[in-house]
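Below is one structure; the comments refer to it alone.
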Amino acid sequence: MYESGKEPLCVSSLPVSLSSASFLHAAKHGRRKGIRAFFVFRYVPSCTGRRLMNTVDEKLHAIRHSMAHVMAEAVLKKFPDAHIAIGPAIQDGFYYDFDLPRNLTPDDLEDITESMKEIIKRGSAFEKRVISRQEAKELFKDQKFKLELIDELPETEEISIYSQDGFTDLCRGPHVESLNKLNLQSFKLLSVAGAYWRGDEKRPMLQRIYGTAWTNPKDLRLHLDHLAEMEKRDHRRLGKELDLFSLHEEAGPGLVYWHPKGARIRHEIEKFWKEEHFANGYELLNTPHVGKSWLWETSGHLDFYADGMYPEMVMDKANYYAKPMNCPFHIMIYKNAKHSYRELPFRWAELGTVYRYEKSGTLHGLMRVRGFTQDDAHIFCTPGQVEDEILEVLRFSLYMLTSFGFKDIQAYLSTRPEKAVGEPAQWKLAEASLKKAIEAEGLDYDIDEGGGAFYGPKIDLKVKDAIGRSWQLSTIQFDFNEPERFDMTFVDSDGKEKRPYMVHRALLGSLERFFGVLIEHYAGAFPVWLAPVQVAMIPVAENFNAYAKDVAGALKKAGIRVLVDDSDDRMNAKIRNAQNDKIPYMLICGEREQSAASVSVRRRFEKENETMNVDAFVSFIKGKIERKELV
RNA sequence: GCCCUUGUAGCUCAGUCGGUAGAGCACAUCCAUGGUAAGGAUGGGGUCAUCGGUUCAAAUCCGAUCGAGGGCUCCA
């Protein structure tokens, strides 16, 4: 199985169609650093950028691009010898890359900000001028990066420059008409980071300053609040605070340790996952974690994916590899016997733990790790079964995602690239079935023409979380490569051996990453069915500890996860602790409750409480769990 | 991998000009027995990431290593 959004082949080799450029960008960057790419669609629900470009966006774009120029002017003022590179408007802001004599510090950003404000106050116009190539080269003779850009501009391209306040930049525009259009109070420089010239690691490393800019201070405020909210929800922070998981540098970066509370959540996820798979006609497999090189030579991984694999282990003169994917193992099971068309389809699923070498700089909490468990499955079927199988898989994916509280789902269909294995007719059937399934489910979707992997077309599903960020979770991918390489066959009704269709699919992606997404989606306050502790018993004083334990016993008997806070904290402190642990229900008990065999129910994040008798509470919470409600 | 930033108690962080460490939370013990977001006292806990260098003296200055964080062409 190829992990969501992570084909082993280099994505940059894929042809990019205009309509899908931003999507591909997201995919490409998702590969580099876990989460960032998934913010790309933040403010453009169920649609990619271009289509939504309206006047507001264009205006913002011009403001941000102009801000970048102003920043470049300010930087040049501070460092007259600086070489300036490029400074585009981006999602939510802008950046500019510089080659500077020394490294920038946060103090420099303040300086530059002040300097920018002065420049803006002067209110000069943005003036565009079209010049000849010769003039341009003369004008930028001291700016090596600009010269390089000029040299690369096609002959037919008009060369334009924009000037404001004495600063001139090679630029295609457009810009705001004058600095008066920029608001002093609605921009902020955010960070400085390294970036290669033209993103090429063989070229010089430049310093990039990121900033954000808006039309008015209120929007800036909203954006900064949003950033703060993201920080509050950061799964690495919450994972620590709630004692869910850890990573240990001394034991190996990128390898996840699930603590009791985290593992409890994982258990609930797995339990649900397994039950639903059985209910949906799947069988479960368990396969080894390592395999001899023969397996990976046959699958082709050692040819095209060796860089992503852990190095070999030598034993009995054979090379073994930790598995980066589960598919070859599932194929071994398939090939263990001869199969008739009557047996198909096979739907074989495994929570398969795989290991991949990810560059150290790309590791990121749970989102980007070196060992993870895929909720993998492979479907082997006849050509006639493809359509139903795909429809079924997509329906199942949506069911799973919505069960975890993701209601806003978008689909992305990627079709045949120029270089591809498999017969065109196969591709056609596969693509048609994917498209049909998406339409049958009434999903919003985008097509990335030619954006599929070389081995087959696919559907990726992205969900939006509680604060509007997109995360790619599910993927459904045809594979025309491996059945060929492993010479998989089935005997058809005409007695002839034929190639089965093979579909990889992951619904949640990887359990680690999915857990990270869940943490951020719920901000650590899991719905009651997933919460590691569902109920905290809070006796108001030591005298009522025994009653609290009685009630807890009854709850445990009903299968509810409950703890009794019999510490010598005061009740207020116990409430606070339970609240901070984001436990869905607090049951406070004292004299009143004890004498009435009841509990005072306080819901997480709510002040009001209601009194119920114990039996009533049990059926109440069981209903919540059954319906997968928040609290 | 590369660039920048960074690594002090379980966690969050102070630590001035180099003079062998401090707070809050957490933890332990004791007092207090409390009605819907922190009761009080006392105490234990650190080879200042690791290795090396400079110095009479290094958490502090320098170098290397290992982590972690922010980034690494949304085309001038």
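The shortest distance between the side-chain N/O atoms of A:Y95 and the OP1/OP2 oxygens of B:C74 is below 4.0 Å. A sub-4.0 Å separation between OP1 or OP2 of B:A37 and a side-chain N or O of A:R602 is present. Taking 4.0 angstrom as the limit, A:R208 places a side-chain polar atom (N or O) nearer than this to OP1 or OP2 of B:C72. At least one side-chain nitrogen or oxygen of A:Y210 sits closer than 4.0 Å to the OP1 or OP2 atom of B:C72.
Using a 4.0 Å cutoff on non-hydrogen atoms, the parts of residues 141-149 of chain A near RNA chain B are A:K146, A:L149, ordered by number.
Checked against salt bridge (Lys or Arg N to Asp or Glu O under 4.0 Å), A:K582 has no partners two or more places apart in sequence or in another chain. The side chain to side chain contact (heavy atoms under 4.5 Å, CB included) test applied to A:K240 returns no partner, not counting sequence neighbours. In this structure, the side chain to side chain contact (heavy atoms under 4.5 Å, CB included) partners of A:D566, at least two apart in sequence or on a different chain, are A:N545, A:K549, A:V564. For A:R602, there are no salt bridge (Lys or Arg N to Asp or Glu O under 4.0 Å) partners, not counting sequence neighbours. With sequence neighbours left out, the salt bridge (Lys or Arg N to Asp or Glu O under 4.0 Å) criterion links A:D81 to no other residue.
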Residues 583-595 of chain A, side-chain donor-acceptor partners within the protein, below 3.5 Å, at least two apart:
residue : atom : partner : partner atom : Å
A:E593  : OE1  : A:G590  : N            : 2.9
A:S595  : OG   : A:E591  : O            : 3.1
A:S595  : OG   : A:R592  : O            : 3.1

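Among pairs with a residue in residues 189-200 of chain A, those fulfilling salt bridge (Lys or Arg N to Asp or Glu O under 4.0 Å) read A:E152-A:R198, A:D200-A:R203, at least two apart in sequence or across chains.
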At a cut-off of 3.5 Å, list every protein nitrogen or oxygen paired with a nitrogen or oxygen from nucleotides 65-67 of chain B, distance to 0.1 Å.
residue : atom : partner : partner atom : Å
B:G67   : O2'  : A:E249  : OE2          : 2.9

Can you name the atoms? Protein N/O to nucleotides 24-32 of chain B N/O, anything below 3.5 Å, with the distance.
residue : atom : partner : partner atom : Å
B:A32   : N1   : A:D568  : O            : 3.2

Pairs under 3.5 Å (N/O, protein and nucleotides 8-14 of chain B):
residue : atom : partner : partner atom : Å
B:U12   : OP1  : A:K240  : NZ           : 3.2

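Using a 4.0 Å heavy-atom distance criterion, A:N609 is classed as a base contact.
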Secondary structure string for RNA chain B (Watson-Crick or G-U under 3.5 angstrom, | for other-strand pairs): (((((((..((((.....[..)))).(((((.......))))).....(((((..]....))))))))))))....
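In summary, the aromatic rings of A:Y96 and A:F94 are positioned with their centroids too far apart to meet the 6.0 Å limit.
Comparing the same atom, C1', in B:C48 and in B:G35 gives a spacing of 46 Å after rounding to whole Å.
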